[in-house]
Amino acid sequence: MALTHRLQVLLDEERYLRLEQLASSGGISIGSLVREAIDRSFPNAEINRRQAADAILNASPMPVDDWATMKGQMLAEMNGSNDLLAD
């Protein structure tokens, strides 16, 4: 993604030194560090949905019981209401 917008932010000495130290120890620029912080603090909803879908699709299969057992468990959790799960 092309970086096309410049942003000027004034920081106090303590914050700047903290960013400088973190960036240096991570081998990245302060700008990269700030961009990463923005992405973590204000995530893109579409990216979150995509990551959630990927996590579901890549998850290991879970063991399941036969349908009759599962249906009984669901009905029990629904306090006996079986309107939605009738055959």
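In this structure, OG in Ser24 is found 11.0 Å from CG in Leu33, a value given to the nearest 0.5 Å. The structure places CZ of Arg35 at 9.5 Å from CG of Asp39, a figure rounded to the nearest 0.5 Å. Atom NZ of Lys71 and atom CE of Met78 lie 11.0 Å apart (nearest 0.5 Å). To the nearest 0.5 angstrom, Met74 atom CE is 10.5 Å from Thr69 atom OG1.
Arg18 pairs by the salt bridge (charged side-chain N to carboxylate O under 4.0 Å, His left out) definition with Glu14, not counting sequence neighbours. Shown here are the side-chain contact (heavy atoms from CB on, under 4.5 Å) partners of Val64, two or more places apart in sequence or in another chain: Met70.
Within a 6.0 Å sphere centred on CD of Glu46, other residues, nucleotides and ligands contribute more than 12 heavy atoms.
Hydrophobic clustering, with ILVMFWY side chains joined whenever heavy atoms are under 4.5 angstrom apart, groups Ile38 together with Ile28. The cluster map of Ile, Leu, Val, Met, Phe, Trp and Tyr, joined by side-chain heavy atoms under 4.5 Å apart, puts Leu19 and Phe42 in the same cluster. Tracing side-chain contacts under 4.5 Å through hydrophobic residues (I, L, V, M, F, W, Y), one reaches Val9 starting from Leu22; they form part of the same cluster. Val34 and Leu11 fall within a single hydrophobic cluster, where Ile, Leu, Val, Met, Phe, Trp and Tyr are joined by side-chain heavy atoms under 4.5 Å apart, directly or via other members.
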